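Report on the following structure.
Everything numeric here is computed off the predicted structure, so don't read it as measured data.
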Amino acid sequence: MNQTLVQKLTRTKPVNNTVETAPSSSNGLHRSIGLFPLTMIGVGATIGTGIFFTMVEAVPKAGPSVILSFLFAAITAGLTALCYAELSFRIPASGSSYSFAYATVGEFLAFIMAACLLLEYGLAASATAIGWSDYLNNFLNNAFGVHIPEMLRSPMIVSTPKGIEFHGGHINLPPILLVGLCCLLLIRGTKESATTNAIMVMIKLAILIFFVVIAFSGFDINNFHPFFSPDNGVHITGMTGVTAAAATVFFSFIGLDTVATAGEEVRDPKRNVPIGILAALGIVTLFYLLVAVAAMGAQPAYKFAGQEAGLAVILQNVTGKTWPALVLSAGAVISVFSVTLVTIYGQTRILYAISKDGLISKSFQKVNARTASPVQNTLIVCIVVGLVAGFVDATFLWDMVSMGTLTAFIVVSLAVPVMRRKENGKGTKGFRVPFGPYVVPGLSIAACLYLMFGLSLTTYTIFIIWMSAAILTYFLYGMRNSRLNTAK
């Protein structure tokens, strides 16, 4: 009660309070998720966004060497995934990086981390929902010869080379409908949502295998020459292009920390969460590399620039028929549905964890007794995500997603040596990052900082504004209402 300001900012939530068992009351989340659906949550939140959308942005920067870009991003994510795996073993609670930070580096930095996660998940959900429109339109065109009117699939606020433009009367309706469907499914309950997601992920993986097989039938090794992008007029050449493309595709790996957000709803979390994280990383990396190699072999690099529904167009060009593109577009529609669903799920669980700790309104922790899901929380998140997706151009969103992701990854990496130091060799036995508490976390931090340097000044400006709002919220509400503020 009489803590100094510094003590309040650095107070930590004891690990034995963070690791909770399944609640017996109707006011908590239920442990209903097993290892397989948990792994599929990670895969569902990851595969789809990068493969279906970012090839168009990344290939013009790196050329065929975009394969190295995916590999570099995967290594960076993999280093952090090892840190997530260790921390999730010791802190199997909802909230992901937020809960890890609260148990290690203190309340203030945990709240800042929460703000980064909210930025990451909220904008990622909006951006992936926006990208859903292209494949939906391609599917409707190939299946029924129907186009969604431009005014109903384009946003009001658009980024152009000349600056921001406002297109009156325009609304991107498909993403709003998608978010609405996700909202209804999440409100029905976590177990049902996880099962549905697992089914959609299996369909998605089958579709990507279908793409790889057909694309390889048109494989031309000459498409890989020159391997590194030549001078394209913007001086992104050689390894510079690889690095720029790696920063572009990095957000494709954000689904890995979604596994950790489910910690409070997983059966045997100390075993299943670490395994789920590493299994999801392996599956995601394998499929990303397979699809990237197949796509580059089937189509010259210069054709990727500005290509809408790119993978579907590749299949149509390789086969000269529309049905493979139709199958691919249908798979993409399902794929992005699962990405959006799981990303919104992660957002609601982070808010739930913050609310339980008293740092934001209690309304975000209210759980419906029948469905065991935070209904009010989910409705608020879906309304915000839907509005952003319906009226804002995705160009504004991707860099902010990367900023939030990289910041979260850095804090998670910092938390590992802090946790080891707190344990002083007396921690629970289980998964630990190899080579001690400093090598892997240090490499992870260095890789994340390297990618952050490639983000734009506009991104940093918006990020500073967002962080300022978060700091103000903490001092005006969070610090005073924190559960640790009144803990005896």
Side-chain angles (χ1 to χ4, degrees), residues 47-74 127-128 130-135 137-139 141-142 159 161 207-208 210-253 287-320 322 324-325 328-329 331-332 335-336 393-395 397-399 402 454:
I47 288 185
T49 307
I51 283 299
F52 286 103
F53 302 144
T54 60
M55 293 290 285
V56 174
E57 297 291 334
V59 173
K61 298 177 181 179
S65 61
V66 72
I67 297 167
L68 298 180
S69 301
F70 275 106
L71 187 59
F72 181 73
T128 53
I130 290 169
W132 190 68
S133 289
D134 289 345
Y135 280 96
N137 191 56
N138 184 278
F139 171 77
N141 181 45
N142 286 328
S159 175
I207 290 295
L208 290 180
F210 170 79
F211 169 82
V212 169
V213 170
I214 295 203
F216 268 116
S217 70
F219 190 89
D220 184 355
I221 193 64
N222 292 321
N223 289 338
F224 288 87
H225 180 76
F227 186 66
F228 291 98
S229 179
D231 191 347
N232 54 15
V234 292
H235 308 294
I236 301 179
T237 61
M239 285 304 298
T240 303
V242 172
T243 303
T248 299
V249 304
F250 184 75
F251 70 83
S252 307
F253 291 88
F287 274 84
Y288 276 6
L289 292 177
L290 280 175
V291 173
V293 171
M296 291 307 309
Q299 177 175 275
Y302 72 87
K303 289 188 176 182
F304 282 87
Q307 197 172 56
E308 183 177 305
L311 298 189
V313 174
I314 289 174
L315 292 190
Q316 190 167 342
N317 292 339
V318 167
T319 63
T322 60
L328 195 283
S329 294
S335 168
V336 181
D393 185 2
T395 305
L397 306 179
W398 288 124
D399 277 356
S402 291

Quick check: closest heavy atoms across [X] and [Y], and the distance to 0.1 Å?
{"X": "Ala73", "Y": "Val249", "result": "CB-CG2, 4.0 Å"}
{"X": "Val242", "Y": "Ser69", "result": "O-OG, 2.8 Å"}
{"X": "Gly63", "Y": "Ala301", "result": "CA-CB, 4.1 Å"}
{"X": "Pro324", "Y": "Thr319", "result": "CG-OG1, 3.5 Å"}
{"X": "Val318", "Y": "Ala298", "result": "CG2-CB, 3.9 Å"}
{"X": "Ile67", "Y": "Ala292", "result": "CG1-CB, 4.4 Å"}

Once rounded to the nearest 0.5 Å, what's the spacing between atom [atom1] of [X] and atom [atom2] of [Y]?
{"X": "Leu289", "Y": "Leu68", "atom1": "CG", "atom2": "CG", "result": "9.5 Å"}
{"X": "Asp393", "Y": "Ile130", "atom1": "CG", "atom2": "CD1", "result": "7.0 Å"}
{"X": "Met296", "Y": "Asp220", "atom1": "CE", "atom2": "CG", "result": "11.0 Å"}
{"X": "Leu71", "Y": "Ser65", "atom1": "CG", "atom2": "OG", "result": "12.0 Å"}
{"X": "Ile314", "Y": "Phe211", "atom1": "CD1", "atom2": "CZ", "result": "4.5 Å"}

Check your understanding: So, do Phe216 and Val293 sit near enough that their side-chain heavy atoms are less than 4.5 Å apart?
Key ->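 SC-SC contact between Phe216 and Val293 confirmed.
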Review point. Do Gln316 and Asn142 touch side chain to side chain, with heavy atoms closer than 4.5 Å?
Key: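 Answer yes - side chains close enough.
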Check your understanding: Looking at residues at least two apart in the chain, or sitting in another chain, which of them share a side chain to side chain donor-acceptor pair (under 3.5 Å) with Asn141?
Key ->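 Counting only residues at least two positions away or on another chain, Asn141 forms a side chain to side chain donor-acceptor pair (under 3.5 Å) with His147.
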Practice item. Verify whether the ring centers belonging to Phe224 and Phe219 lie closer than 6.0 Å. Key: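 Ring centroids of Phe224 and Phe219 are less than 6.0 Å from each other.
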Exercise for review: Decide yes or no on side-chain contact (heavy atoms from CB on, under 4.5 Å) for Leu328 and Tyr135, but give the supporting numbers first.
Suggested key: CA-CA 9 Å; Leu328 195 283; Tyr135 280 96; 3.9 Å; yes
